[in-house]
Amino acid sequence: MNYIGSKFKLTSFLQKNIETVLRESNAKPLKDSVFCDMFAGTSVVGKLFKNKVKQVISNDREYYSFVLSQNYIGNNEPLERSGELMEILNDSQQTPPQKGRIYTHYALGGGSGRQYFSDENAMKIDAIRTKIEDWKAANCIKDNGYYFLLASLLESADKVANTASVYGAFLKTLKKSATKPIVLEPAFFEYSKNQHVVFNEDSNQLIQEVEGDILYLDPPYNAREYGANYHILNTIALYDDFTPRGKTGLREYEKSNWCKKAKVANELETLIRNANFEWIFLSYNNEGLLGLEQIRAIFERYGIYQLKSQKYQRFKADSNRTHKQDSTIEYLHILHK
């Protein structure tokens with residue numbers, strides 16, 4: 001999934017530095033450590049450490065992220081009948097297209113004036129989403145199968161979305177990838193012998209309830225709200241009744257203090273102060289609301305501070321846009337609390 005702030009291109013940088021810092025400090029071995037990914041997003045970092053640590057605690061306030069983490073982090077064993085169920089959902093005779101919530105609110109045929117999906121793909125998404133929920137209600141699938149199928153739908157729907165990667169707006173005409181029929185593809189996950197846990201809570205509430213060895217933080221960097229930029233994914237995941245607002249069909253969402261310049265420093269310090277973790281690693285780039293020295297000052301109040309950095313290609317929501325800079329600097333702030 002093309003995702004703002006994704007650490008997919010930075011996994012080697014993160015893994016190398018986290019493992020090096022811990023090894024050089026004679027810290028508890030990773031295999032015996034509890035690792036908390038407090039802002040999980042698409043679970044890239046959680047997946048990276050899932051089979052390297054004793055337990056992953058995964059959290060994100062956005063529900064679509066919770067669904068992805070329940071699959072990629074929470075699921076540990078092979079699923080019963082997964083192939084058969086995927087075939088049923090992909091078969092238009094067994095799962096005929098229907099005019100549901102996505103078609104009504106986010107395809108031109110529904111009369112909303114919005115075109116996040118082609119009419120055909122919107123109806124197929126509605127049909128698949130409805131059948132998954134029906135199977136769950138009838139106890140035909142367990143929770144692990146439910147989240148696997150739902151995560152598969154989110155990933156597959158994203159591939160045919162008629163947007164410039166984020167869902168803050170739709171394109172006026174269908175782009176080439178949006179004209180292709182949606183195919184439900186499996187959201188494969190790694191098996192694990194350990195039990196991991198997944199939460200869907202506010203970070204500063206959850207930090208008071210969990211403890212462990214390593215806390216990894218990848219909060220929003222700027223004023224872009226994930227609840228707005230990925231509202232369609234939340235709508236598919238929740239599939240609830242609500243009234244879309246405005247031209248883009250936004251759903252109500254709670255604005256984050258991490259996206260407010262006047263409040264983000266206090267939000268970070270509160271989290272650090274309440275964290276019952278020995279090691280804290282914070283990913284933050286050079287274009288964020290918080291400056292380098294602000295973060296350093298906060299971290300140094302609670303322990304020994306280090307900083308690592310790497311230049312990398314920035315996220316582009318629109319591949320046709322040009323930027324004054326093609327790269328940005330990712331900082332890894334490190335605290336031995």
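- Looking at Glu201 and Gln205, their side chains never bring a donor and an acceptor atom within 3.5 Å of each other.
- When only modelled atom types and interatomic distance are considered, Asp158 and Tyr167 share a side-chain donor-acceptor pair under 3.5 Å.
- With sequence neighbours left out, the side chain to side chain contact (heavy atoms under 4.5 Å, CB included) criterion links Leu289 to Lys261, Val264, Tyr284.
- Among residues at least two apart or in separate chains, salt bridge (charged side-chain N to carboxylate O under 4.0 Å, His left out) pairs with a member in residues 92-105 are Arg101-Asp241.
- Glu211 is linked by a side chain to side chain contact (heavy atoms under 4.5 Å, CB included) to Asn276, counting only residues two or more places apart in sequence or in another chain.
- Taking the charged nitrogens against the carboxylate oxygens, Glu185 and Lys159 do have a contact shorter than 4.0 Å, which makes a salt bridge.
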Would you mind writing out the side-chain donor-acceptor pairs for residues 28-35 within the sub-3.5 Å range, not counting sequence neighbours?
residue: Lys28; atom: NZ; partner: Asp213; partner atom: OD1; Å: 3.1
residue: Ser33; atom: OG; partner: Pro29; partner atom: O; Å: 2.8

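- Partners of Phe170 according to the ring pair (Phe, Tyr, Trp, His ring centres under 6.0 Å) rule, which considers only residues two or more places apart in sequence or in another chain, are Tyr116.
- Rounding to the nearest 0.5 angstrom, the gap separating the CZ atom in Phe188 from the NZ atom in Lys47 is 12.0 Å.
- Using modelled atom types and a 3.5 Å distance limit, the side chains of Glu190 and Asn51 yield a donor-acceptor pair.
- Of the charged side-chain nitrogens involved, none lies within less than 4.0 Å of a carboxylate oxygen, so that Glu330 and Lys308 do not count as a salt-bridged pair.
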Residues Leu282, Leu335; criterion side chain to side chain contact (heavy atoms under 4.5 Å, CB included); working and verdict: CA-CA 9 Å; Leu282 167 68; Leu335 174 65; over 6 Å; no
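- Judged purely by distance below 3.5 Å, without hydrogens or angles, the side chains of Glu267 and Asn204 pair a donor atom with an acceptor atom.
- At least one side-chain heavy atom of Met38 sits less than 4.5 Å from a side-chain heavy atom of Leu215.
- Checking Ser283 against Tyr216 by side-chain atom types alone, a donor-acceptor pair falls below 3.5 Å.
- Here Asp126 pairs with Tyr239 under the side-chain hydrogen bond (donor to acceptor under 3.5 Å, both in side chains) rule; sequence neighbours left out.
- Applying the salt bridge (charged side-chain N to carboxylate O under 4.0 Å, His left out) definition to pairs two or more places apart or across chains, those involving residues 132-151 are Arg129-Glu133.
- Minimum heavy-atom separation, Arg224 to Cys259: O-SG, 3.5 Å.
- Note on ring orientation: taking the six-membered ring where Trp is involved, the planes of Phe66 and Tyr63 are tilted (angle from 30° to 60°).
- Residues passing the side-chain hydrogen bond (donor to acceptor under 3.5 Å, both in side chains) test with Asn59, sequence neighbours excluded: none.
- Here Gln94 pairs with Asp91 under the side-chain hydrogen bond (donor to acceptor under 3.5 Å, both in side chains) rule; sequence neighbours left out.
- Legend: ring-ring contact (aromatic ring centres under 6.0 Å, His included) pairs involving residues 241-276, not counting sequence neighbours, sorted by first then second residue: Phe39-Trp258.
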Verdict with supporting geometry, Glu62 and Asn234, side chain to side chain donor-acceptor pair (under 3.5 Å): CA-CA 7 Å; Glu62 298 300 330; Asn234 272 334; 2.8 Å; yes
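- A donor-acceptor pair under 3.5 Å is formed between the side chain of Asn194 and the backbone N or O of Lys54.
- With sequence neighbours excluded, the residues that form a side-chain hydrogen bond (donor to acceptor under 3.5 Å, both in side chains) with Thr130 are Gln98.
- When each of Asn17, Val21, Leu14, Asp218 is paired with Phe281, the side chain to side chain contact (heavy atoms under 4.5 Å, CB included) condition holds for Val21 and for no other.
- Cluster note: Tyr103 groups with Met123 through ILVMFWY side-chain heavy atoms spaced under 4.5 Å, whether in direct contact or through intervening members.
- You'll find the side chain of Thr11 stays beyond 4.5 Å of the side chain of Phe49, heavy atoms only.
- Within the 4.5 Å cutoff, the side chain of Tyr106 has heavy atoms near those of the Thr235 side chain.
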